[in-house]
Amino acid sequence: MPQDTQSSLQPLFEAALKVQAYAHAPYSTFKVGAAIKADDGNLYVGCNVENVSYPLGQCAEASAIGAMISQGAKRIEQVMIVSPNSKPCPPCGGCRQKLREFASPQTPVHLATRDGKVETLTLGELLPKAFDM
Ligand code: THU
């Protein structure tokens, strides 16, 4: 069940909400913000970046992963995704796999609405039987 943002999740929620405003989404108008709490204790954020050549667009989660890896952090401890409306925005299939590269099946994935309702699932629930080699 969705819950109001718990105080421990407030910094992650606020970081995702802030970066959501920077999303470049002129084609879908669907702005997404993502914030990762990483193993180095820092927060890394990203927004979606669309392109006139539509398939080249990048999701918010991928932007946040890029920021995390670019700063030397290695693992995702938690991730928050803020939707642009009152419905949560679960990560797309591709982003579930991208998150799995740096997170475990137990990693919490928080799905927030703009008004601060949060539903938490594990990455394993979102991506069971993930591909691995
Ligand atoms: N989008 C994300 O940023 N994350 C997701 O998990 C789902 C979709 C973006 C991609 C595109 O820019 C817009 O939302 C509409 O699909």
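All ligand and atom numbering here is 1-based and tracks the order in the structure.
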(Q) Taking 4.0 Å as the limit for heavy-atom contacts, which would you say applies to C95 with ligand 1: side chain only, backbone only, both, or neither? (A)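 Neither part.
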Q. Ignoring hydrogens and geometry, is there a side-chain-to-backbone donor-acceptor pair from T120 to P108 under 3.5 Å?
A.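 No, because the side chain of T120 does not come within donor-acceptor range (under 3.5 Å) of the backbone of P108.
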Any N or O of [X] that comes nearer than 3.5 Å to an N or O of ligand 1?
X: E50; answer: yes
X: N48; answer: yes
X: P91; answer: no
X: C92; answer: yes

What's the spacing between [X] [atom1] and [Y] [atom2] if we round to 0.5 Å?
X: I65; Y: Q58; atom1: CD1; atom2: CD; answer: 9.0 Å
X: K117; Y: S86; atom1: NZ; atom2: OG; answer: 10.0 Å
X: L126; Y: T107; atom1: CG; atom2: OG1; answer: 11.0 Å
X: K74; Y: D39; atom1: NZ; atom2: CG; answer: 8.5 Å
X: K98; Y: C92; atom1: NZ; atom2: SG; answer: 7.5 Å
X: M80; Y: L17; atom1: CE; atom2: CG; answer: 10.0 Å

Q. Can you check side chain to side chain donor-acceptor pair (under 3.5 Å) on E101 and Q97, steps first, answer last?
A. CA-CA 7 Å; E101 185 75 15; Q97 184 70 38; 5.3 Å; no
Q. Heavy-atom distance to atom 10 (C) of ligand 1: which of G33, C59, P90 wins?
A.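 Of the listed residues, C59 has the closest heavy atom.
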Q: Just go through G93, C89, P26, A25 and tell me whose heavy atom is the nearest to atom 7 (C) of ligand 1.
A: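 Going through G93, C89, P26, A25 one by one, C89 has the nearest heavy atom to atom 7 (C) of ligand 1.
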Q.
Suppose I only count heavy atoms of A60 and a 4.0 Å limit; which atoms of ligand 1 are within that range?
A.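 Ligand 1 atoms under the 4.0 Å threshold to A60: 2 (C), 3 (O).
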Q.
So if I count the atoms of ligand 1 from 1 in the order they appear, which ones are less than 4.0 Å from some heavy atom of S28?
A.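 Reading through ligand 1 atom by atom, the close ones are 13 (C), 15 (C).
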Q | Neighbour count above 12 (heavy atom, 6.0 Å) for Y22 OH | A |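 No.
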Q) For atom 6 (O) of ligand 1, which protein heavy atom lies nearest, and how many Å away is it? A)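 Checked against all protein heavy atoms, atom 6 (O) of ligand 1 sits closest to E61 OE2, 2.7 Å.
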Q: If you have a sec, work out which protein heavy atom is nearest atom 14 (O) of ligand 1 and how many Å separate them, to one decimal?
A: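 Answer for atom 14 (O) of ligand 1: F30 CD2, 3.4 Å.
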(Q) Looking at ligand 1, is there an atom of it that comes within less than 4.0 Å of some heavy atom belonging to G57? (A)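 No.
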Q. Under 4.0 Å from atom 12 (O) of ligand 1, do we find at least one protein heavy atom?
A.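 There is a protein heavy atom less than 4.0 Å from atom 12 (O) of ligand 1.
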